[in-house]
Amino acid sequence: MLLSFNLVIATLLKPATGALADRIGLKRGLTAAVALRSVTSLLLALAAAPWQLFAVRGVHGASIALRDPSVDALIAVHGGKRAVATAFAWYQTAKSSAGAIGKAAAGVLLGLTASDYTIVFLVAFAVASLPLAIVARFVREPEAAPVPVAAEPPPRPGLARFMGLGFLVAGTAHMLGALFPLLATEYAGLTPAQAGSIYVLAIAAPLTGPAFGWLSDNVSRRLVLSVRSVANAGSSLLYLAFPSFAGVLAGRLVDDVGKAAFRPAWGSLMAHVASFDPRTRARTMGFLRQGEDAGEIAGPMLAGVIWSVWGAPALLVVRAAVAVVA
């Protein structure tokens, strides 16, 4: 509950925080999000009770809710119509790489300080505060497009359809997120060392994101968007048919490549939908992200129930079937 609490809060708040970013400005929204995120690390250093940890995770969720619509809208505006997927791809690649580096650095700090978490949190606070200067110096607020008094924005495609697509794709993708170690060790029979080595061998897969961004911009967004679902189905079948080190490694590589392909194409699609009414761009991004986040929450829950009742093979078959529907 604690680990997912921030995502639940972010999912609930995103439409409202997106509307807030539209009102106060995307740069201000991003600045506030970065400030909240840095404060989260400082509050963790001071937390001493379980309820305080939940409160801190709630603040973290609020920062995510304000950050994502603001960043998505800024990339949609500044990325350019012909390179918006590539811009989303580079952002996601940098974000994923930084997350991996941060986790590794935290582990090293804990080893050097005899597991002194307070020092880790204070260092994280200092590092998380650095983007404030970068946002202030380099991020430009988009210029408001002139709207004639008598003009009405063109009709926007129904958001529910796109939210549903994001829900299906994200839910299918995250079905095995937390369960992958169990899949590798209990279902495929790998040792913990073998399972850990798969994470290392698959580390280059997310770096394919910019290539998929270029394909989305220059060849076909629909094609690249479908790669995620093909990867979800393909990796599930690989895990099912080849429960061995080679099979699990191949499935993981296919899965991670699909994730790298999804973000730029999905970002490009969000930018297209939001462009129908630039005045509510961030709010639209918030709604679309809400559907995606809801899938990220529901997917692991459904996966846990299916595994518990019918076993891992049933989970893999259901995951492949839902991916085909998406």
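In this text the structure is predicted, and so the values were computed from the model without any measurement.
- Side-chain contact between Leu53 and Leu44 is present, with heavy atoms from C-beta onward closer than 4.5 Å.
- Here the shortest heavy-atom pairing between Asp256 and Ala202 reads OD2-CB, 3.6 Å.
- Residue His60 comes nearest to Asn6 through the heavy atom pair ND1-ND2, 3.2 Å, listed as atom of the first residue, atom of the second, then distance.
- Without hydrogens or angle criteria, Glu292 side chain to Phe167 main chain gives no donor-acceptor distance under 3.5 Å.
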Glu141 and Leu26: CA distance, side-chain angles, deciding distance, side-chain contact (heavy atoms from CB on, under 4.5 Å) verdict: CA-CA 6 Å; Glu141 184 70 37; Leu26 301 180; 3.8 Å; yes
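- With sequence neighbours left out, the salt bridge (charged side-chain N to carboxylate O under 4.0 Å, His left out) criterion links Asp68 to Lys14, Arg289.
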Only distances under 3.5 Å count here; give the side-chain donor-acceptor pairs of residues 90-107 to other protein atoms, sequence neighbours excluded, each with its distance to 0.1 Å.
residue : atom : partner : partner atom : Å
Gln92   : NE2  : Ser96   : OG           : 3.4
Thr93   : OG1  : Ala89   : O            : 2.8
Ser96   : OG   : Gln92   : O            : 3.0
Ser97   : OG   : Thr93   : O            : 2.9

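- Side chains of Trp266 and Arg228 form no contact here, defined as non-hydrogen atoms less than 4.5 Å apart.
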When the side chains of residues 315-326 are checked against the rest of the protein, which donor-acceptor pairs come out under 3.5 Å, sequence neighbours left out?
residue : atom : partner : partner atom : Å
Arg319  : NE   : Thr172  : O            : 2.9
Arg319  : NH1  : Asn232  : O            : 3.1
Arg319  : NH1  : Ser235  : OG           : 3.0
Arg319  : NH1  : Ser236  : OG           : 2.8
Arg319  : NH2  : Asn232  : OD1          : 3.4
Arg319  : NH2  : Asp255  : OD1          : 3.2
Arg319  : NH2  : Asp255  : OD2          : 3.1

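- Formation of a donor-acceptor pair under 3.5 Å by the Ser229 side chain with backbone atoms of Ser226 is not found in this model.
- Here the shortest heavy-atom pairing between Ala271 and Val84 reads CB-CG2, 4.0 Å.
- Checked by atom type and distance alone, the side chain of Arg281 never pairs as donor or acceptor with a backbone atom of Ala73 at under 3.5 Å.
- Annotation: Phe245, atom CZ; neighbour count of heavy atoms from other residues, nucleotides and ligands within 6.0 Å is above 12.
- Ile64 and Leu13 are not part of a single hydrophobic cluster, where members link through side-chain heavy atoms under 4.5 Å apart.
- A 4.5 Å side-chain heavy-atom check between Pro142 and His78 finds at least one atom pair inside the cut-off.
- A continuous path of Ile, Leu, Val, Met, Phe, Trp and Tyr side chains, each step under 4.5 Å between heavy atoms, connects Val120 with Val127, placing both in one hydrophobic cluster.
- Looking at Met270 and Phe162, their side chains never come closer than 4.5 Å, going by heavy atoms from C-beta outward.
- Between Tyr117 and Phe121, the angle of the ring planes lies from 30° to 60°, which puts this pair in the tilted group.
- In terms of heavy atoms, Tyr239 sits closest to Leu176 at CE1-CD1, 3.6 Å.
- For the pair Ile198/Phe180, a side-chain contact is recorded, criterion being any heavy-atom separation below 4.5 Å from C-beta on.
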Applying side-chain contact (heavy atoms from CB on, under 4.5 Å), run through Leu165 and Leu269 and close with a yes or a no. CA-CA 11 Å; Leu165 174 62; Leu269 184 61; 4.3 Å; yes
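- We find the CD1-OG1 distance between Ile134 and Thr31 to be 11.5 Å, quoted to the nearest 0.5 Å.
- Taken to the nearest 0.5 Å, the CZ atom of Arg263 stands 12.5 Å off from the OG atom of Ser216.
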What verdict does the side-chain contact (heavy atoms from CB on, under 4.5 Å) test give for Leu7 and Ile297, after you've listed the backbone C-alpha separation in whole Å, the side-chain angles of each residue and the deciding distance to 0.1 Å? CA-CA 8 Å; Leu7 184 59; Ile297 294 172; 3.7 Å; yes
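- The structure places CZ of Phe262 at 11.5 Å from CZ of Phe88, a figure rounded to the nearest 0.5 Å.
- The side-chain heavy atoms of Leu42 and Leu122, taken from C-beta on, include a pair separated by under 4.5 Å.
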Step by step, work out the side-chain contact (heavy atoms from CB on, under 4.5 Å) result for Leu240 and Tyr187. CA-CA 9 Å; Leu240 184 64; Tyr187 175 69; 3.6 Å; yes
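- Side chains of Thr284 and Val273 form a contact here, defined as non-hydrogen atoms less than 4.5 Å apart.
- Note on Leu182: it clusters hydrophobically with Tyr199, by side-chain heavy-atom contacts below 4.5 Å among ILVMFWY residues.
- With Thr113 as the partner, the side-chain contact (heavy atoms from CB on, under 4.5 Å) test is satisfied by one option alone out of Ile119, Thr118, Val108: Ile119.
- Nearest approach of Leu132 to Ala35, heavy atoms of both residues: CD2-N, 3.9 Å.
- Atom CG of Asn218 and atom OG of Ser220 lie 11.5 Å apart (nearest 0.5 Å).
- Side-chain atoms of Pro300 and Leu179, non-hydrogen and from C-beta on, never get closer than 4.5 Å to each other.
- Residues Ser129 and Ser38 come closest through the heavy atom pair OG-CB, 3.5 Å.
- Atoms CD1 and OG, on Ile75 and Ser268 in that order, are 11.5 Å from each other to the nearest 0.5 Å.
- Between the side chain of Lys27 and the backbone N or O of Val139, at least one donor-acceptor pair lies under 3.5 Å.
- Note that CG of Asp293 is 10.0 Å distant from CE of Met163, once rounded to the nearest 0.5 Å.
- Grouping the Ile, Leu, Val, Met, Phe, Trp and Tyr side chains by contacts below 4.5 angstrom, directly or via other members, places Leu238 apart from Val227.
- Hydrophobic clustering places Leu201 together with Leu190 (ILVMFWY residues linked when any side-chain heavy atoms are closer than 4.5 Å, directly or through intermediates).
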